[in-house]
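In listed order, ligands and their atoms are each counted from 1.
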Amino acid sequence: MKPELRAKYEAVIGIECHVQLATQSKLFCSCDNDSREAEPNTNVCPVCLGHPGALPVLNKRAVELALRLGLALGCNYDQYFESGKQGLHTKFDRKNYFYPDLPKGYQITQFDEPIVTHGAVEFPLDGKVKRVGITRAHLEGDAGKLTHPEGRDYSLVDLNRAETPLLEIVSDPDMRSPQEAKAYAQELYNLARYSGASDANLYYGNMRFDVNVSVRPVGTKEFGTRTETKNLNSFKAIERAAEYEIRRQIVLIEHGDKVKQETRGWNDAKGETYSMRSKEDADEYRYFPEPDLPPVIITHDMVAAAQAELGLLPRDLRAETAAAKLPVNEAEVLVSDPDAALVWHEVVSQAPEQARFALNWLNVERPKLAEVKGLTLPESSVTPAVLAKVGQMTSAGELSSTNSKALLEHFYARDITADPAAVAKSKGLLQESNTDELAKVVEAVIAANPQAAADYQAGNARAFGALVGAAMKATQGKGNPPLITKLLKDRLD
Ligand code: ADP
Ligand code: MG
Ligand code: ZN
């Protein structure tokens, strides 16, 4: 497609995201929420199999985690306590439809009184802050899983996943490019992980994205007809699918055709979306209130408890890295990894001057060590205290930059409780910073290299490097280079 043609249109994108909440059990029964190890249809009971007469019981933890994520998504619950109000009134509804992965013939979800309303998400993109409104987020039970074996005339259904707890987050149509869509999805991922509301494992489908895309000629106000591409499970796929849809819709419109409102799938290998079903006739789900579950009032105490459990959020980290004057792109690498971000946050609260040192090590060295040693940061012995101390020893000239990495590499193992200074000493990593000792070394080096000393004094800068090198060699690499440089200059200049 010619860039001029692509530039004639503006995309409008809204995203629905299903987040699997990190509860122990399913949403309405005591079956395990995690079926990864289970044989198909073994992690089930009369409730999640939808047997007639079996009664659902709401999982309290799912409500707590949804609230936590709701707060992270910027929902203001205070408005529901104003002028003597009891709190947010939320309830469950039946969404009726027939499908083989839905044994009850309806899904229990929330229709007009969701647990999260009117939030917003903000994240940096291309030097600006992008804001995406959150229309709503509601609790619902997942459906089962269908597989269609290649070349067979039957399909298989596995109900292990039926009624696992989901929070469906619906965004406003606020995104204008595939890049914004991708960055928004990444921010939802950040929030899900920071809040601890979900394991947020994309590989296991803990987060699945449906991307709604329409296009309109630049400058027009009215939205075009949208398509919804379902079940994307990587950030890259969201970006690619959105770009593909934008181009497909532009071509249709340019040929005088109409975009059909429909649900589409994504073929990642081909890099194409494909039509699944038409959505032109509005779905008739005959929603009505779920008679087997009482409404839930979100009280002040429940919100306060969720707030207390929430902890650090990406926006807190961004404020702290900005205050430490760290570049946004490097800060974002840190923010995208909550384990590292938390360690950084603690290092800075103990030793603010180590912000840069800690960021460098966490962003650059730590991923390499994690890969080589097969150990996550929390599993290793690099605590905030260790990282702060190694940073301070480096600033003080006790460790060279190379040896600071070596020392932290030593601590990147399980169960090391020793003091970094003691380990540095026993491993011979400390720099020689004893001025008297080094002055003797410098004296000896000048005596042994009279030609280099004379060349330097005659203005040959390269000769100076040779003298520093000789002094480092004489100290077996342990001399403090800035100190050696100073002593040599004091003596020769
Ligand atoms: P449905 O259940 O039919 O998918 P929802 O209201 O749950 O409807 O979700 C609609 C999603 O589509 C929202 O994320 C919304 O922002 C987005 N959306 C609505 N209209 C448009 C449009 N014209 N172009 C792109 N996205 C849209
Ligand atoms: Mg939808
Ligand atoms: Zn069950």
Quick check with a 6.0 Å cut-off and a 45 degree axis cone: is [X] positioned over the face of [Y]'s six-membered ring?
| X | Y | answer |
| --- | --- | --- |
| Lys95 | Tyr285 | yes |
| Arg36 | Tyr204 | yes |
| Arg94 | Tyr106 | yes |

Got an N/O contact under 3.5 Å between [X] and ligand 1?
| X | value |
| --- | --- |
| Glu16 | yes |
| Pro173 | yes |
| Val170 | no |

Which residue is it: Asn360, Leu387, Leu377? I am looking for the one with a side-chain contact (heavy atoms from CB on, under 4.5 Å) to Arg366.
Leu377

Could you work out, for atom 17 (C) of ligand 1, the closest of Val211, Asn212, Val213, Thr227 by heavy-atom distance?
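Among Val211, Asn212, Val213, Thr227, the closest heavy atom to atom 17 (C) of ligand 1 comes from Asn212.
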
Distance filter under 4.0 Å to [X] heavy atoms, resulting ligand 1 atoms:
| X | value |
| --- | --- |
| Glu228 | 4 (O) |
| Phe223 | 23 (N) |
| Gly224 | 23 (N) |
| Gly14 | 14 (O), 16 (O), 17 (C), 26 (N) |
| Asp172 | 16 (O) |
| Val12 | 24 (N), 25 (C) |

How about Gln350 and Glu346: does a side-chain donor come under 3.5 Å of a side-chain acceptor?
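There is no such pair (donor and acceptor under 3.5 Å, judged by atom type) between the side chains of Gln350 and Glu346.
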
Distance-only, no hydrogens or angles: does the Gln249 side chain make a donor-acceptor pair with backbone N or O of Val213 under 3.5 Å?
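Judged by distance alone, yes, a pair lies under 3.5 Å.
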
Quick one: does any side-chain atom of Asn41 pair with a main-chain N or O of Val157 as donor and acceptor, under 3.5 Å?
yes

Those residues that, when tested against Arg61, pass salt bridge (charged side-chain N to carboxylate O under 4.0 Å, His left out) (two or more places apart)
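So Arg61 forms a salt bridge (charged side-chain N to carboxylate O under 4.0 Å, His left out) with Glu64, Glu309.
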
For the residue pair Phe92 and Phe111, is the inter-centroid distance of their aromatic rings smaller than 6.0 Å?
no

Going by the 4.0 angstrom heavy-atom rule, the piece of Ile15 near ligand 1 is backbone

Which part of Asp174 is near ligand 1, with near meaning a heavy atom under 4.0 Å away: side chain, backbone, both or neither?
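Neither part.
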
Under 2.8 Å from the Zn ion (ligand 3), the protein N, O or S atoms found are Cys29 SG, Cys31 SG, Cys45 SG, Cys48 SG

Out of Glu122, Glu332, Glu330, which residue meets the salt bridge (Lys or Arg N to Asp or Glu O under 4.0 Å) rule with Arg318?
Glu332

Considering residues, nucleotides and ligands other than Glu254, do more than 12 of their heavy atoms fall under 6.0 Å from its CD?
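Above 12, so yes.
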
Inspect the contact between Lys130 and Asp174 and indicate whether a charged nitrogen and a carboxylate oxygen are less than 4.0 angstrom apart.
no

